[in-house]
Amino acid sequence: MIKDKKYIYFALIFLFVSMALNFPFPHESPYGETVALVLNIPVESVNGLQYIGITSLIFLIMSLFFLVKSLEKYHGRFVVLAIMVAMFTPPFLASSFQKYFATGIYAISYERDISSCSFEMTNETTLHGECELSFENYSKDDAQTIEFFDEYEDDVKMISLMNTDSPYEVRLRGKERKRVKIDTDIDVSQMENHIESGDSWNMNIIIKSGERIRKL
């Protein structure tokens, strides 16, 4: 069935690189973006093109090319299998590592799909912000976490306004699942353009513990 072992090795190498670039840990963004930022390599063009995603796709296509070249038959089946592996293996490995091997803040899962924030003016100069964030600590050890709300590049700020009283300290006991409520009053008297009310879901946050940082 295998026509050329050399091409198989090339296919596996390119497939591994493609999956490594898309590995979603320790941050929400792919691992390739984390490495690129450390090396001061741009991850996005001015037109919004994602360089890491494009690079990953190129490596995947190269992997599929060499895979087809290496086989005598069943090309379609193995191409579909390789695509499935590339799509589902990175998140599966990241989730498994977090649940069974990670410690400290790396063992904390932020359940962003069930987390939310709401804002409402209480008087002419004060905006009240209230967020409920859901976390789960997979480690057996307690974890001290500090949450910062990531600043969006919107014309009108919303989530980043919660940074007024940051950092917020939250302690998660071992194997604990916890819904955290954070609220603060924000002075908007010096802001020319600010929201008066609103709700937000799927917020990006930054978790810090000592020198360790995770962007989720």
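Quick caveat: nothing in here was measured; it's all calculated off a predicted structure.
- Summarising the geometry of Leu161 relative to Met191, their closest heavy-atom pair is CD2-CE, 3.6 Å, with the distance given to 0.1 Å.
- Annotation: the span from Ile186 atom CD1 to Thr126 atom OG1 amounts to 9.5 Å, rounded to 0.5 Å.
- Distance check, rounded to the nearest 0.5 Å: OG of Ser70 to CG of Leu12 gives 8.5 Å.
- Between Ile207 and Ile205, some side-chain heavy-atom pair lies under the 4.5 Å cut-off.
- Between Val79 and Leu67 the shortest heavy-atom distance is N-CD2, 4.1 Å.
- Each side-chain hydrogen bond (donor to acceptor under 3.5 Å, both in side chains) pair with one or both residues in residues 72-100, not counting sequence neighbours, would appear here, but there are none.
- Residue pairs meeting the salt bridge (Lys or Arg N to Asp or Glu O under 4.0 Å) criterion with at least one partner in residues 167-176, sequence neighbours excluded, are Arg173-Glu176.
- Residues passing the side chain to side chain contact (heavy atoms under 4.5 Å, CB included) test with Glu211, sequence neighbours excluded: none.
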Could you list the donor-acceptor pairs under 3.5 angstrom formed between side-chain atoms of residues 101-108 and any protein atom two or more places apart in sequence or on another chain?
none

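- Sorted by first and then second residue, the side-chain hydrogen bond (donor to acceptor under 3.5 Å, both in side chains) pairs involving residues 13-30 (not counting sequence neighbours) are Ser18-Ser56, Asn22-Ser56.
- For Thr55, there are no side-chain hydrogen bond (donor to acceptor under 3.5 Å, both in side chains) partners at least two apart in sequence or on another chain.
- The two atoms that bring Leu15 and Ala82 nearest to each other are CD1-O, 4.0 Å, heavy atoms only.
- Taking each heavy atom of Cys117 and Met203 in turn, the nearest pair found is SG-CE, 3.6 Å.
- Criterion: ILVMFWY side-chain heavy atoms under 4.5 Å apart, direct or through other members. Under it, Ile114 and Ile182 are not part of a common hydrophobic cluster.
- You'll find the side chain of Asp185 stays beyond 4.5 Å of the side chain of Leu127, heavy atoms only.
- Side-chain atoms of Asp141 do not come within 3.5 Å of backbone N or O of Gly174 as any donor-acceptor pair.
- No hydrogens or angles considered: a donor-acceptor pair under 3.5 Å links the side chains of Ser189 and Asp187.
- Cluster partners of Tyr138, using a side-chain heavy-atom cutoff of under 4.5 Å among ILVMFWY residues and allowing indirect links: none.
- Judged as a ring pair (Phe, Tyr, Trp, His ring centres under 6.0 Å), the pairs with a partner in residues 107-129 (not counting sequence neighbours) are, in order, Tyr110-Phe135.
- Within the structure, ring pair (Phe, Tyr, Trp, His ring centres under 6.0 Å) contacts touching residues 4-26 (residues at least two apart or in different chains) are Tyr7-Phe66, Phe10-Phe66, Phe14-Phe59, Phe14-Phe66, Phe25-Phe97.
- Residue pairs meeting the salt bridge (Lys or Arg N to Asp or Glu O under 4.0 Å) criterion with at least one partner in residues 115-136, sequence neighbours excluded, are Glu130-Lys181, Glu132-Arg179.
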Yes or no on side chain to side chain donor-acceptor pair (under 3.5 Å) for Thr125 and Asn123, after CA distance, side-chain angles and deciding distance?
CA-CA 6 Å; Thr125 60; Asn123 56 48; 3.3 Å; yes
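- With rounding to the nearest 0.5 angstrom, the CG atom of Asp183 is 9.0 Å from the SG atom of Cys131.
- Put simply, CE on Met62 and CD1 on Ile13 are 10.5 Å apart, with the number rounded to the nearest 0.5 Å.
- Residues that satisfy the salt bridge (charged side-chain N to carboxylate O under 4.0 Å, His left out) test with Arg177, not counting sequence neighbours, are Glu111.
- Taking Ile, Leu, Val, Met, Phe, Trp and Tyr as members and joining any whose side-chain heavy atoms lie under 4.5 Å apart, directly or through other members, the hydrophobic cluster of Ile61 also contains Leu57.
- Val85 approaches Met19 most closely through the heavy-atom pair O-SD, 3.6 Å.
- The closest side-chain heavy-atom distance from Pro30 to Leu21 is not below 4.5 Å.
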Using side-chain contact (heavy atoms from CB on, under 4.5 Å), reason through Ser197 and Met121 one step at a time and then give a plain yes or no.
CA-CA 6 Å; Ser197 64; Met121 294 292 295; over 6 Å; no
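- When all heavy atoms of Leu216 and Arg112 are compared, the pair lying nearest together is C-NH1, 3.5 Å.
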